[in-house]
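Report on the structure given below.
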Amino acid sequence: MTPRFDVIGLVVSDMAASLAFYRRLGLVFPQGAENEPHVEAGLPGGLRLALDTEDTIRSFHAGWQPPRGGGRVSLAFRCEDPAEVDSVYGELVGAGHHGELKPWDAFWGMRYAVVHDPDGNGVDLFAPLPGGPAPA
């Protein structure tokens, strides 16, 4: 038997703020999930993104503390084209989220930007530039 990768889990400080952020990126969570301690959204390919409140984690791990620092984990969302990278970045920053890296044309052939979710996790936005790498 071999374990199968199935879930990406994030611990969130404010469920409603996190749901609003990830819904802006097209993820579908159940209506009314803002008051739930654990929610999931289906991802392409059958994976799931799970959000758990800090209190949920502490309910089974009493000594848990949020990690200090960051930048070790990020989620990446492929956009339809370079213009969508710019518009989604602008929408998220306009909604008050921290823009870490403004959209730029990366040397590896993609339009790229980085925003932070409400808990400071990096969320990359990218799309191939014309003549850039073919979709995977």
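All values reported here derive from a predicted model rather than from experimental measurement. We use all heavy atoms of the structure for the numbers below, so side chains are in, but hydrogens, waters and symmetry mates are not. Along the sequence shown, residues are numbered consecutively beginning with 1.
Interatomic distance, CG of D105 versus CH2 of W108, reported as 10.5 Å (0.5 Å rounding). Taken to the nearest 0.5 Å, the CZ atom of F29 stands 4.5 Å off from the CG atom of L51. Atoms CZ and CZ, from F5 and R48 in turn, are 10.5 Å apart once rounded to the nearest 0.5 Å. We find the OG-CZ distance between S18 and R23 to be 11.0 Å, quoted to the nearest 0.5 Å.
At a threshold of 4.5 Å between non-hydrogen side-chain atoms, the residues E91 and R24 count as touching. Proximity of L47 to V7: side-chain heavy atoms (C-beta onward) are nowhere separated by under 4.5 Å. Under the 4.5 Å side-chain criterion, counting only non-hydrogen atoms from C-beta, D86 is in contact with P103. In this structure the side chain of F77 reaches within 4.5 angstrom of the side chain of L27, judged on heavy atoms. Looking at heavy atoms from C-beta onward, L75 lies out of side-chain contact with D117 at the 4.5 angstrom threshold. You'll find the side chain of D124 reaches within 4.5 Å of the side chain of Y112, heavy atoms only. Within the 4.5 Å cutoff, the side chain of L49 has heavy atoms near those of the L10 side chain.
A search for side-chain contact (heavy atoms from CB on, under 4.5 Å) contacts involving P30 returns A33, not counting sequence neighbours.
In this structure, W104 and F107 have tilted ring planes: the angle between them lies in the 30° to 60° band.
For the residue pair E40/H38, the side-chain donor-acceptor check at 3.5 Å is satisfied.
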Query raised in the report: Checking side-chain contact (heavy atoms from CB on, under 4.5 Å) for the pair L92/L25: CA distance, chi angles, key distance, verdict?
Result: CA-CA 9 Å; L92 292 170; L25 290 168; 3.9 Å; yes
Requested in this report: List the steps and the verdict of side-chain contact (heavy atoms from CB on, under 4.5 Å) for V12 and L19.
Outcome: CA-CA 10 Å; V12 302; L19 288 170; over 6 Å; no
Requested in this report: Walk me through it: do V123 and F21 pass the test side-chain contact (heavy atoms from CB on, under 4.5 Å)?
Outcome: CA-CA 10 Å; V123 176; F21 179 87; 3.7 Å; yes
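The main-chain N or O of N121 is never found under 3.5 Å from a side-chain atom of D119 such that the two would form a donor-acceptor pair. Panel note: side chain D52, backbone T56; no donor-acceptor pair is recorded below 3.5 Å.
Across T53 and M15, no two heavy atoms sit closer than the pair CG2-CE, 3.8 Å. When all heavy atoms of M110 and P128 are compared, the closest pair comes out as CG-CA, 4.1 Å. The two atoms that bring G122 and H116 nearest to each other are CA-CD2, 3.8 Å, heavy atoms only. Of all the heavy atoms in A127 and C79, the pair that sits closest is CB-O, 3.6 Å.
The hydrophobic cluster containing I8 does not contain F126, counting ILVMFWY residues as joined when their side-chain heavy atoms lie under 4.5 angstrom apart, directly or transitively.
Between R78 and E84, no side-chain nitrogen of the basic residue sits less than 4.0 Å from a carboxylate oxygen of the acidic one, so the salt-bridge criterion is not met.
V11 belongs to a hydrophobic cluster with I57, F60, W64, counting contacts under 4.5 Å between side-chain heavy atoms of Ile, Leu, Val, Met, Phe, Trp and Tyr, direct or through other members.
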